[in-house]
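Everything on this sheet refers to the single structure shown next.
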Amino acid sequence: MAKLALIVTSEKLDKLFPAVTLATTAAISGWEADMFFTFWGLLALKKGYEPSSVSEDYQEYQDMLAGAIDSGTMPGWREVLEQGRETGKIKIYACSTTLGLFGMKEDDLETFVDGVAGAATYLGMARDSDVSLFIS
Amino acid sequence: MAKLALIVTSEKLDKLFPAVTLATTAAISGWEADMFFTFWGLLALKKGYEPSSVSEDYQEYQDMLAGAIDSGTMPGWREVLEQGRETGKIKIYACSTTLGLFGMKEDDLETFVDGVAGAATYLGMARDSDVSLFIS
Amino acid sequence: MAKLALIVTSEKLDKLFPAVTLATTAAISGWEADMFFTFWGLLALKKGYEPSSVSEDYQEYQDMLAGAIDSGTMPGWREVLEQGRETGKIKIYACSTTLGLFGMKEDDLETFVDGVAGAATYLGMARDSDVSLFIS
């Protein structure tokens with residue numbers, strides 16, 4: 001079975017969308033997909049936190065993107081992720097070191113997080129994958 | 001034959017340059033190189049659109065880079081890409097979903113675009129490659 | 001032996017940290033790790049240059065990160081890199097083309113740089129690796 005490993009270090013919408021789209025597309029195509037959220041990316045996994053903006057570089061398109069989501073033309077990033085997770089093939093990991101940096105605990109994470117792991121664990125996932133990408 | 005697969009999500013000059021330099025270097029070295037432009041990266045493929053700035057993070061070097069290109073010290077990103085494409089080994093794909101997001105049609109794309117494809121097609125290219133990179 | 005190849009195009013702290021953490025974790029786990037610094041990433045290898053800020057997108061966390069490093073809660077990026085380099089398994093390369101762009105010479109580089117190389121050399125390293133990532 002093919003496998004995708006993503007390391008995600010940003011919670012900007014224009015980074016989360018490609019990340020979850022690739023993971024969900026992979027899962028629907030029969031791949032396994034591991035997503036490792038670290039650094040600023042970890043914020044996307046915090047309960048009650050709502051990533052809401054695109055990168056500074058593309059602020060001019062913020063309204064266009066928000067409009068596409070609000071109008072239903074484009075699904076939200078959580079919907080895309082949820083669709084992929086229904087296949088049972090996507091696993092989501094939170095970086096243990098970053099948890100400490102933000103003073104967060106496992107209980108602060110969304111319930112869809114499958115586990116907390118370190119960089120060594122991520123590297124093992126990446127080595128075992130067919131495609132590994134760094135999304136920042 | 002070795003193969004490179006790049007997914008490009010930005011049209012800032014400091015992202016396009018590494019992308020086309022890697023693809024062209026690969027092609028000249030006898031590799032095949034697939035480039036999949038998605039999200040903001042798609043803008044670089046729009047007819048008549050001229051990517052002109054570097055990332056917010058490196059605005060201070062904008063003039064230095066523009067000067068190097070204007071004086072001919074450094075080739076423009078299209079020239080680098082054209083050099084690589086002359087080998088016949090670089091293929092350029094535009095993301096179908098992003099076309100819809102921007103309300104663009106195939107006719108709006110530069111003639112050097114080889115095709116329109118979705119994320120599943122990109123994943124297949126990446127799986128078949130020796131090196132796959134996410135350039136954002 | 002497993003191998004990691006990183007191409008690093010930014011010298012922002014929130015990009016350098018993941019880069020050196022992955023390389024050092026890999027090296028400590030017995031992997032070889034090649035790091036190729038190009039474009040803005042090359043600045044991190046310049047003698048006397050001190051990368052000091054995070055990306056524009058995450059300025060709000062700048063003080064938190066600086067505080068964690070100053071208080072010793074978190075090691076500096078050079079310390080992390082040094083720890084990895086003590087294993088003898090990390091090699092650091094500066095991009096030859098970017099040296100020219102910045103008007104720099106090999107003598108301007110930190111003594112821990114192992115060599116100057118071009119994109120073709122980087123591609124060979126990436127092809128020979130188990131995991132290759134683009135950190136920008």
Side-chain angles (χ1 to χ4, degrees), chain B residues 1-10 12-33 35 40-41 54-69 71-75 77 80 83-84 89 126 129-136, chain C residues 3-16 18-19 34-44 46 49 51-59 62 93 95-104 117-136:
Chain B
M1 189 184 298
K3 191 167 165 183
L4 174 70
L6 302 179
I7 175 167
V8 183
T9 70
S10 169
K12 295 298 171 189
L13 288 177
D14 48 345
K15 309 303 174 95
L16 285 177
F17 267 105
V20 299
T21 301
L22 289 174
T24 290
T25 303
I28 289 172
S29 307
W31 297 36
E32 290 184 352
M35 304 183 79
W40 319 124
V54 300
S55 309
E56 278 289 319
D57 277 323
Y58 293 102
Q59 287 292 323
E60 64 192 296
Y61 296 106
Q62 170 91 29
D63 291 345
M64 181 269 278
L65 192 65
I69 296 167
S71 72
T73 308
M74 194 170 156
W77 74 276
V80 176
Q83 188 193 0
K89 291 181 174 299
S129 72
D130 298 274
V131 176
S132 66
L133 301 169
F134 188 101
I135 299 182
S136 71
Chain C
K3 192 168 165 182
L4 174 69
L6 302 179
I7 176 166
V8 183
T9 69
S10 169
E11 48 70 74
K12 296 298 171 189
L13 289 178
D14 47 345
K15 309 302 174 97
L16 286 177
D34 289 331
M35 303 182 78
F36 181 73
F37 288 78
T38 184
F39 239 83
W40 319 123
L42 186 71
L43 295 168
K46 193 177 178 180
Y49 179 88
S52 61
S53 72
V54 299
S55 309
E56 279 288 319
D57 277 323
Y58 293 102
Q59 286 293 321
Q62 170 90 30
Y93 300 93
C95 172
S96 50
T97 307
T98 312
L99 271 180
L101 176 65
F102 283 120
M104 284 166 59
T121 303
Y122 157 73
L123 284 172
M125 294 172 191
R127 188 188 50 208
D128 293 342
S129 71
D130 298 275
V131 177
S132 66
L133 302 168
F134 187 99
I135 299 181
S136 72

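The figures here come from the full heavy-atom set of this structure, side chains too, leaving out hydrogens, waters and symmetry mates.
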Exercise for review: Would you please name every residue forming a side-chain hydrogen bond (donor to acceptor under 3.5 Å, both in side chains) with Ser96(C), sequence neighbours left out?
Suggested key: none
Show me, pair by pair, the donor-acceptor contacts under 3.5 angstrom made by side chains of residues 60-67 of chain B, not counting sequence neighbours?
from: Gln62(B); atom 1: OE1; to: Val54(B); atom 2: N; distance (Å): 2.9
from: Gln62(B); atom 1: NE2; to: Ser52(B); atom 2: O; distance (Å): 2.8

Review point. Counting only heavy atoms not in Lys46(C), do more than 12 sit closer than 6.0 Å to its NZ atom?
Key: no
Check your understanding: Given that the side chain runs from C-beta out, which part of Lys15(B) has a heavy atom under 4.5 Å from chain C: side chain, backbone, both or neither?
Key -> side chain
**Study point:** Part of Ser129(C) lying under 4.5 Å from any heavy atom of chain B
**Key:** neither
Point to revise | For Ala68(B) against Leu101(C), the heavy-atom pair lying closest together | key: CB-CD1, 3.9 Å
Check your understanding: Among Ser136(C), Gly118(C), Gly100(C), who wins on heavy-atom pairs under 4.5 Å with chain B?
Key -> Ser136(C)
Point to revise | Closest non-hydrogen atom pair, Ser29(B) against Ala120(C) | key: OG-CB, 4.2 Å
Review point. Between the main-chain N or O of Ser55(C) and the side-chain N or O of Asp57(B), is there a donor-acceptor pair closer than 3.5 Å?
Key: no
Check your understanding: Heavy-atom distance under 4.5 Å to chain C: side chain of Leu6(B), backbone, both or neither?
Key -> neither
Point to revise | Side-chain heavy atoms of Thr21(B) within contact of Thr38(C), under 4.5 Å | key: no
Check your understanding: Side chain, backbone, both or neither: which part of Thr24(B) has an atom under 4.5 Å from a heavy atom of chain C?
Key -> neither
Check your understanding: Side chain, backbone, both or neither: which part of Ile135(C) has a non-hydrogen atom closer than 4.5 Å to chain B?
Key -> neither
Check your understanding: Taking every heavy-atom pair that is under 4.5 Å apart, which of Ser10(B), Ala2(B), Ala26(B), Pro18(B) has the most such pairs with chain C?
Key -> Pro18(B)
Point to revise | Minimum heavy-atom distance Phe134(C)-Leu133(B), with the two atoms named | key: N-CD2, 3.8 Å
Revision key, fill the gap. In short, Thr25(B) meets Ala119(C) closest at the heavy-atom pair OG1-CB, 3.7 Å
Practice item. Decide whether a cation-pi geometry holds between Lys12(C) and Tyr58(B); the criteria are a distance under 6.0 Å from NZ or CZ to the six-membered ring centre and an angle within 45° of the ring axis. Key: yes
